[in-house]
Amino acid sequence: MQDYLGGLNERQREAVLHHNGPMLVVAGAGSGKTKVLTTRIIHLMAAHQVDAFNILALTFTNKAAREMKERVERILGDGEARNLYIGTFHSVFARILRFEAEKLGYPKHFTIYDTDDSKSVMKAVINDLHLDDKHYKPNIVYNRISAAKNALMSPEEYRNDYAIQQEDMRSGRPALSQIYDSYVKRCFRNGAMDFDDLLLKFYQLLSTIPECLSRYQQKFKYILIDEYQDTNPAQYEIIKLLGAMHENVCVVGDDAQSIYSFRGATIENILQFQRDYDQVKLVKLEQNYRSTSQILAVANQVISNNKGQIEKVLFTENPAGEKIQLVRTLTDNDEGKFVADSIQELKLRHHYAHRDFAILYRTNAQSRAFEEALRRMGIPYTIYGGISFYQRKEVKDLVAYLRLIVNPHDEEALKRVINYPARGIGKTSLDKLLLAANEKDCSSWTILQEARSYGFRAGTLTVLEEFVTMIKSFGSMLEKSNAYDVAFYVGKQTGLVKELFNDKSTEGIQRYENIQELLNSIKEWTESPDNEDGELVDKSLGAYLQQITLLTDADEKDANADTVKLMTIHAAKGLEFSCVFAAGLEEMLFPNAMAINTREELEEERRLFYVVITRAKERLWVSYANTRYRFGQLVQNEPSRFINEIPEAHLDKRFAGSSSTGMPRSTGGAGLFSKQRSFSRDAVANNRPASGETKKETPSYVGPAKAAPKVIPHTPSANFVPSDASKIEVGQRVEHAKFGFGKVISLEGAAHNPVATVVFEHNGEKKIMLNYARLRIAD
DNA sequence: CGCAAAGCTTATCTG
DNA sequence: AAGCTTTGCG
């Protein structure tokens with residue numbers, strides 16, 4: 001094994017070599033904390049013969065976990081790293097809960113609800129309680145309930161908490177505790193846990209079942225926590241319980257980078273850690289290896305405006321580097337154009353690769369201007385923060401079938417697929433089903449088992465029973481077939497794949513390809529080794545489904561691809577780039593209008609600013625626009641107050657106007673470029689209503705075009721009696737009450753919803769839905 | 001029942 | 001400006 005201790009500074013070495021007992025590592029930005037964590041794991045295994053199975057390392061992102069695992073693997077090199085429990089809080093706890101779920105009354109393969117599923121359940125609950133969804137918006141309700149769960153607060157405690165009740169009254173949402181209560185019950189009935197439950201239920205497991213507590217206390221002899229400043233009370237209590245036996249808990253964090261209070265995180269946890277144990281070893285990592293000294297000086301200056309931090313002074317031996325560029329533009333589009341131009345220029349002049357650049361912003365909505373500008377310049381980029389592959393509609397549809405097979409009580413999955421592809425189970429039938437489930441307080445699947453006793457129409461009853469039989473037959477496949485075979489069969493048997501295949505529109509083809517990709521991903525999962533050095537890994541479909549719910553789009557994108565990276569500052573935590581554009585430094589945006597009401601909020605915004613500054617290794621731009629579009633409306637903002645906190649000595653100021661930005665006109669290959677540029681400038685000037693005129697066509701031409709197409713009126717014959725829909729055939733002459741006489745030229749549509757195309761004598765070709773419009777056979 | 005147009009909401013950050 | 005939900009209609 002190579003000398004893994006070489007290359008560590010004195011402090012880092014101290015943290016690595018510390019053997020038993022609690023330790024707090026205060027690690028400034030860029031001070032090598034990941035290196036310390038991984039080297040510490042290696043050292044525990046190599047020097048103290050700690051078994052990999054006894055080490056638990058928790059991170060905040062899958063990516064951080066993967067990186068740590070790979071680094072350990074690289075040095076130990078014998079596959080031992082695979083036995084480490086390294087992962088995010090959510091994924092590690094989900095993995096354990098899979099073994100233990102039944103102890104808490106959940107099915108073994110409980111479903112994990114993502115945010116969309118949770119909100120959908122909340123909507124249903126709000127509806128069932130006959131509350132006004134104008135007051136109880138899913139987002140607000142979700143955040144409120146999530147906050148309660150992260151504080152380990154039950155619905156009952158929520159209801160009895162005076163301050164919370166006051167707040168809910170004041171905001172006109174007195175029924176929140178009721179919603180919370182119903183939501184929890186509904187999720188349980190569905191055999192589902194939401195993201196917050198993964199923490200909450202794991203905590204309950206440890207705190208209510210002594211055997212479980214002692215089992216995991218004994219298993220995890222050494223515990224390491226990354227980004228400790230962003231843990232919330234639930235995570236904190238779990239760590240406290242798990243570590244109580246051996247007290248070998250090593251937490252690494254930086255109070256200056258605490259940016260997740262909206263998720264319930266509190267810096268208090270760092271201070272409290274030192275009180276929880278008698279003798280906490282404290283190590284401070286204060287040497288920064290990442291940034292130029294100017295960048296670091298700016299960061300230190302900015303953060304010094306916050307009160308009450310853990311005392312530490314970050315220093316670096318790196319060269320001074322360039323000054324920070326402060327850039328003002330007139331509009332958000334100019335800001336985008338400036339950044340794209342600068343990247344192009346820097347790339348040529350200093351031989352940077354695309355991957356050396358990051359554009360970081362406060363809100364996801366800001367990405368558009370950059371995206372457009374980069375595309376116009378032909379610069380490849382990757383946007384983080386969009387929806388994950390597994391959240392796409394078509395993917396979720398097939399996944400919903402799989403979810404339902406694994407856990408038929410999952411009502412969200414059931415609602416999604418019961419009539420997709422269409423099989424004639426409409427809103428009316430579905431509502432009836434859901435109502436019955438609520439009345440009996442059981443899952444809708446249970447109702448379906450005895451659908452006969454609920455007065456469905458004969459035809460509906462048949463399709464319902466067919467549906468149940470189909471899902472059950474899929475379920476019985478699980479025992480003898482692997483996850484991939486089941487998924488493939490389901491896609492085929494339900495007609496879902498065929499339906500997508502038949503859609504030849506561009507999006508339709510894309511959707512079909514996404515389904516193929518989903519099937520590939522399941523295949524890959526199925527075929528990867530199912531045991532790791534003796535420990536059997538769960539390769540069931542249920543395990544697969546739980547895993548994909550916890551993936552984010554960052555996990556699916558290749559960070560090494562040679563592209564410019566666009567993401568929020570939150571998403572950039574833990575990353576570094578040679579060149580960083582910190583964009584949108586405007587009042588109301590950054591600091592955000594939602595976070596300027598208390599000193600605590602404002603200080604968190606400032607920490608966010610600190611985080612974005614410290615992402616930069618060599619060059620940093622800070623930009624703001626005088627005006628930008630919000631909800632389609634032009635708004636003006638002042639420059640951010642944070643700009644004034646940057647020392648003048650480290651600043652170069654400039655204005656990047658829309659007509660004087662970017663590359664000099666004399667760039668080689670000017671023909672193409674200049675053409676592009678003038679085109680884009682015209683586009684910018686013309687496509688904004690604010691510049692004076694709209695881009696509508698001439699009004700005189702449009703005229704009253706949107707009026708309904710004229711129908712030549714028809715008086716039904718005296719003997720007009722609609723014929724039975726099943727009697728209609730191609731070639732017949734028919735009469736329609738409004739359109740008059742015509743000839744049927746084709747029949748299509750599903751059996752339960754036939755559509756006839758009729759050419760009328762006076763009103764042209766119409767599609768007639770036979771279930772609704774009546775036709776009389778005229779012959 | 002299913003489609004298309006109109007209407008309404010939205011955008012602070014995330015596993 | 002764009003996405004999602006409601007509505008109106010055949």
Side-chain angles (χ1 to χ4, degrees), chain A residues 58-65 87-94 112-115 118 123 133-134 137-139 142-143 146 150 194-199 230 232 235 259-265 360-369 384-385 387-388 393 419-420 422-429 549-555 567-573 584 588-596 601 604-605 607-608 611 628-635 687-689 706 708 711 736-739 749-750 752-758 763 766-775:
Chain A
L58 297 174
T59 63
F60 269 79
T61 63
N62 291 304
K63 206 177 128 252
T88 63
F89 281 87
H90 291 87
S91 71
V92 167
F93 296 169
I112 297 176
Y113 277 168
D114 67 16
T115 312
S118 297
K123 271 187 207 163
D133 58 4
K134 291 278 179 292
K137 300 228 176 88
N139 255 329
Y142 180 91
N143 288 332
S146 175
N150 284 324
D194 65 17
F195 285 149
D196 302 317
D197 282 335
L198 295 177
L199 309 182
D230 286 324
N232 60 37
Q235 292 162 327
I259 55 175
Y260 277 94
S261 71
F262 71 92
R263 214 163 67 183
L360 307 179
Y361 34 76
R362 179 67 177 82
T363 68
N364 280 307
Q366 286 166 257
S367 68
R368 173 153 304 142
Y384 289 79
I387 56 163
S388 144
K393 215 181 288 149
N419 197 35
Y420 179 78
R423 50 176 71 88
I425 305 173
K427 193 176 184 316
T428 320
S429 310
T549 312
L550 296 173
L551 293 178
T552 66
D553 79 325
D555 298 318
M567 65 187 94
T568 63
I569 300 169
H570 283 90
K573 190 173 79 159
M588 311 306 276
L589 188 60
F590 191 14
N592 195 273
M594 305 288 285
I596 49 175
E601 284 176 348
E604 178 148 324
E605 293 289 295
R607 290 194 292 272
L608 211 42
V611 168
R628 74 172 59 236
Y629 277 85
R630 192 163 183 274
F631 298 135
Q633 283 212 309
L634 197 64
V635 293
N687 73 9
R688 281 287 151 83
K706 63 175 263 204
V711 173
H736 183 277
K738 230 159 55 183
F739 299 140
H752 58 88
N753 185 33
V755 178
T757 308
V758 181
N763 285 303
K766 303 258 183 232
K767 289 202 184 282
I768 306 294
M769 306 180 83
L770 299 180
N771 286 351
Y772 297 91
R774 289 130 308 173
L775 291 178

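Note that these values count all heavy atoms, side chains included, but never hydrogens, waters or copies made by symmetry. Quick note on labels: first sequence line is chain A, next is B, and so on, each numbered from 1.
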inquiry  = Taking only the C1' atom of each, what is the distance from C/dC4 to B/dC13 in whole angstrom?
reply    =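 It works out to 22 Å between them.
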
task = Confirm from the modelled atom types if A/Asp114 and B/dG15 form a donor-acceptor pair under 3.5 Å, side chain to base only.
result =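 Side chain to base: no pair below 3.5 Å.
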
Does [X] reach a base, just sugar-phosphate, or nothing at all? Heavy atoms under 4.0 Å.
| X | answer |
| --- | --- |
| A/Lys393 | nothing |
| A/Thr549 | nothing |
| A/Asn364 | sugar-phosphate |
| A/Tyr384 | nothing |
| A/Tyr260 | sugar-phosphate |
| A/Phe60 | sugar-phosphate |
| A/Ala365 | base |
| A/Lys134 | sugar-phosphate |
| A/Ile112 | nothing |

Nearest-angstrom distance from the residue atom [atom1] of [X] to [atom2] of [N]:
| X | N | atom1 | atom2 | answer |
| --- | --- | --- | --- | --- |
| A/Tyr420 | B/dG2 | OH | C1' | 14 Å |
| A/Lys137 | C/dC4 | NZ | P | 17 Å |
| A/His570 | B/dC13 | NE2 | C1' | 4 Å |
| A/Lys123 | C/dT6 | NZ | P | 8 Å |
| A/Asp230 | B/dC13 | CG | P | 16 Å |
| A/Asn150 | B/dG15 | CG | P | 14 Å |
| A/Arg263 | B/dG15 | CZ | P | 6 Å |
| A/Gln633 | C/dA1 | CD | C1' | 11 Å |

request  = Can you label the angle between the A/His90 ring and the A/Phe195 ring as parallel, tilted or perpendicular, going by 30° and 60°?
outcome  =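 The rings of A/His90 and A/Phe195 stand perpendicular, inter-plane angle above 60°.
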
query = Would you call the rings of A/Phe262 and A/Tyr260 parallel, tilted or perpendicular if under 30° counts as parallel and over 60° as perpendicular?
reply = tilted

message = Any side-chain N or O of A/Asn419 below 4.0 angstrom from OP1/OP2 of B/dG2?
response =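 For B/dG2, OP1/OP2 do have a side-chain N/O of A/Asn419 under 4.0 Å.
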
Phosphate-side-chain proximity, A/Thr568 and B/dT14, N/O vs OP1/OP2 below 4.0 Å = yes

Residue A/Asn592, side-chain atoms from C-beta onward, closest of B/dG15, B/dT12, B/dT14 =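 Within the option list, the nearest is B/dT12.
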
request  = Check every atom of C/dA2, B/dT12, B/dG2 against the side chain of A/Arg368 and return the nucleotide holding the closest atom.
outcome  =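 Looking only at heavy atoms from C-beta outward on A/Arg368, the closest nucleotide is C/dA2.
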
query = For A/Thr88 and A/Arg630, take the nucleotide of DNA chain B holding the closest heavy atom to each; which residue's nucleotide lies nearer the 5' end?
reply =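 Result of the comparison: A/Arg630.
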
A/Asn139 or A/Thr552, whichever maps to the more 5' nucleotide of DNA chain B =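 Whichever sits nearer the 5' end wins; that is A/Asn139.
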
Aromatic stack A/Phe262/B/dC13: centroid gap under 5.5 Å, interplanar angle under 30° =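 It does: the ring sits over the base of B/dC13.
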
Min side-chain heavy-atom separation [X]-[Y] under 4.5 Å:
| X | Y | answer |
| --- | --- | --- |
| A/His570 | A/Ile259 | yes |
| A/Leu608 | A/Phe590 | yes |
| A/Thr568 | A/Tyr361 | yes |
| A/Met588 | A/Val635 | no |

